[in-house]
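A quick write-up on the structure given underneath.
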Amino acid sequence: MKKALITGITGQDGSYLADFLLNKGYQVWGIIRRSSSFHTGRIDHLYRDLHEEPQLRLVYGDLTDGSNLSAIVNEIRPDEIYNLGAQSHVRVSFDMPIFTVDTDALGTLRLLEAVRSSDKAVKFYQASSSEMYGKATEVPQTEMTPFYPRSPYGCAKVYSFWQTVNYREAYNLFVCNGILFNHESPRRGETFVTRKITMAATRIKCGLQSKLYLGNLDAKRDWGYAGDYVEAMWLMLQQDKPDDYVVATGESHSVREFVAEVFAYLDMDWQKYVEIDPRYFRPSEVDLLQGDASKARKVLGWKPKVTFKELARIMTDADMGIAEREKILKDHGR
Ligand code: NAP
Ligand code: G4F
């Protein structure tokens, strides 16, 4: 049985990847941070669904603690490591640049060092990001497009990208970068723009909220579905040779279009409810991301399945269920 180790297993992608790898018959180990409250909501169903010996195992760790990462890698001796752990919020990275770089840049280096010193050949996936293109020099962006990061987060991801490439070339390791464009789902963090919109729109529809405050409506993103994207991560580690791949839908839509799509689906006029709050503007913005995933399509045989419209509806339907339950509790005074 193959063993996979996932950093960031409690996050959106980590939870979908755990679902995916368990279905493939892997034993999955996840690194979780100690917290004063439970934060395993996205993977709790995996414990509930497993009847026999659980193949999901959790260990405490943190990307800021290199000795702990080395000990975990040496003890578990995984076949594959997926480094998804990160302070992943771009706006927050302006408020917490040092923590973001410690986790998202040095954290990767710490894990690569653990891989390099392991006595077992470990395959390694690095969660690189389309944020690295930042003020993009061409549209669409490919594996050859130069990076121009626009945030502490983007800079940290560029650092990790190049460390990963360098460890591949210097030490002949099987390490890959997936350059993933934005991907969303009902498990998306609640402060990312798509989820913020679907949660607010459904709560407005249920009479639980009156307004939605947003920042830049003109920013354009290439939005795909997280469930589709974790398959591409796995495919990268199943190839004969390690390489770097763009994973994207190839379509770009503005925040305004996403808002309009969701509110129209709920039969509401978004302009009556959405207001602009400058607090959500960023010191430097990434205006347009649109990926060209031809290489992933050709080499990995990967392509996205969920369209922009379907994604908006999947997320809206899921959040409508949550809003309706909240409404019932409110009506019963709980
Ligand atoms: P997410 O939902 O924010 O999850 C981030 C995960 O990282 C959480 O499990 C979090 O743990 C963990 N984490 C944070 N700081 C850590 C630390 N110091 N040590 C160990 N773990 C830590 O992010 P996501 O959307 O799943 O994204 C997964 C990865 O892909 C991230 O690296 C992100 O930067 C990258 N990425 C995401 C997208 C996207 O559109 N989603 C696109 C490109 C790249 P807690 O639960 O304890 O906070
Ligand atoms: O949803 P967002 O916060 O995602 P962003 O900044 O594109 O970053 C996400 O995707 C990256 C891949 O490109 C990942 F690497 C990263 O980890 C993360 O998952 O913001 C999207 C756009 C931005 O242009 C932002 O300015 O939406 C705009 N926006 C407008 N109003 C807002 C808001 N973003 C947020 N979070 N909240 C708003 O109220």
Side-chain angles (χ1 to χ4, degrees), residues 6-18 30-35 37-43 60-65 68-69 82-93 96 99-100 102-104 106-108 110-111 125-134 141 149-151 153-154 156-157 160 177-185 187-197 200 212-226 229-230 233 246-248 254-256 258-259 274-289 291:
I6 303 175
T7 71
I9 195 164
T10 54
Q12 171 188 254
D13 291 8
S15 66
Y16 281 107
L17 183 63
I31 296 183
I32 57 164
R33 298 193 286 175
R34 196 268 156 183
S35 164
S37 54
F38 286 115
H39 62 140
T40 52
R42 292 183 177 108
I43 49 173
Y60 282 113
D62 199 298
L63 284 159
T64 58
D65 183 343
N68 151 268
L69 295 174
Y82 295 86
N83 184 29
L84 311 185
Q87 190 303 94
S88 74
H89 202 285
V90 174
R91 178 66 191 82
V92 171
S93 79
M96 301 179 70
F99 174 73
T100 301
D102 197 359
T103 298
D104 300 11
L106 291 178
T108 308
R110 293 181 184 107
L111 202 48
Y125 172 86
Q126 169 56 20
S128 286
S129 165
S130 51
E131 270 297 299
M132 301 188 303
Y133 297 119
Q141 294 93 42
R150 297 271 280 171
S151 62
Y153 170 83
K157 287 288 183 180
S160 285
N177 282 290
I179 308 174
L180 271 54
F181 283 63
N182 297 51
H183 45 279
E184 320 293 310
S185 73
R187 296 186 205 167
R188 184 56 144 154
E190 295 173 6
T191 60
F192 295 95
V193 78
T194 53
R195 186 79 200 285
K196 184 172 166 182
I197 293 165
L212 164 60
Y213 295 93
L214 292 171
N216 179 12
L217 299 185
D218 295 320
K220 289 184 143 185
R221 292 290 183 273
D222 180 329
W223 277 299
Y225 173 58
Y229 284 35
V230 296
M233 299 176 186
V246 161
V247 176
S254 66
V255 173
R256 182 180 286 98
F258 192 88
V259 172
V274 173
E275 291 194 3
I276 302 302
D277 185 336
R279 276 188 308 154
Y280 298 112
F281 290 138
R282 293 166 183 194
S284 41
E285 175 63 285
V286 170
D287 295 321
L288 168 60
L289 292 175

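Every number for a ligand or one of its atoms is a count from 1 in the order of the listing.
- For atom 9 (C) of ligand 2, the nearest non-hydrogen atom from the set Asp222, Val255, Asp277, Asn182 comes from Asn182.
- Counting only heavy atoms of the protein, atom 13 (O) of ligand 2 lies nearest to Ser130 OG, 2.6 Å.
- The nearest non-hydrogen atom to atom 15 (F) of ligand 2, considering only Ala219, Ser129, Ser93, comes from Ser129.
- For atom 5 (C) of ligand 1, the nearest non-hydrogen atom from the set Ala86, Gly189, Ala248, Ala156 comes from Ala86.
- When each of Asp102, Thr103, Asn83, Asp62 is paired with Arg110, the side-chain hydrogen bond (donor to acceptor under 3.5 Å, both in side chains) condition holds for Asp102 and for no other.
- In terms of polar-atom proximity, defined here as any N/O pair under 3.5 Å, Leu84 does make such a contact with ligand 1.
- Looking from atom 8 (O) of ligand 2 to the surrounding protein, the closest heavy atom is Val90 CG2, 3.5 Å.
- Here the protein heavy atom with the shortest distance to atom 14 (C) of ligand 2 is Tyr153 OH, 3.5 Å.
- Looking at ligand 1, you'll find an N or O of Gly11 within less than 3.5 Å of one of its N or O atoms.
- In the candidate list Arg91, Met132, Lys196, Arg282, Arg282 is nearest to atom 35 (C) of ligand 2, counting heavy atoms.
- Ligand 1 has a nitrogen or oxygen under 3.5 angstrom from a nitrogen or oxygen of Thr10.
- With Arg33, Glu184, Gln12 as candidates, the residue nearest to atom 45 (P) of ligand 1 on a non-hydrogen basis is Arg33.
- Only side-chain heavy atoms of Arg188 come within less than 4.0 Å of ligand 1; its backbone N, CA, C and O stay farther off.
- Residue-level proximity to ligand 2 for Lys157 is absent, since no heavy atom of it falls below 4.0 angstrom.
- At a 4.0 Å heavy-atom cut-off, ligand 1 does not touch Ser35 at all.
- Regarding atom 36 (N) of ligand 2, its nearest protein heavy-atom neighbour is Thr191 O, 2.9 Å.
- The side-chain tip of Arg187 points at the ring of Tyr16 from less than 6.0 angstrom away and within 45° of straight on.
- Annotation: atom 33 (C) of ligand 2 to nearest protein heavy atom, Val193 CG2, 3.5 Å.
- Scanning the protein for heavy atoms near atom 19 (O) of ligand 2, the closest one is Arg188 NH2, 2.9 Å.
- Considering backbone and side-chain atoms alike, Arg42 places every N or O at 3.5 Å or more from each N or O of ligand 1.
- For atom 26 (O) of ligand 2, the closest heavy atom belonging to the protein is Glu285 OE2, 2.6 Å.
- Any N or O atom pair closer than 3.5 Å counts here, and His39 shares at least one such pair with ligand 1.
- Summary of contacts: the protein heavy atom closest to atom 31 (N) of ligand 2 is Gly215 N, 2.8 Å.
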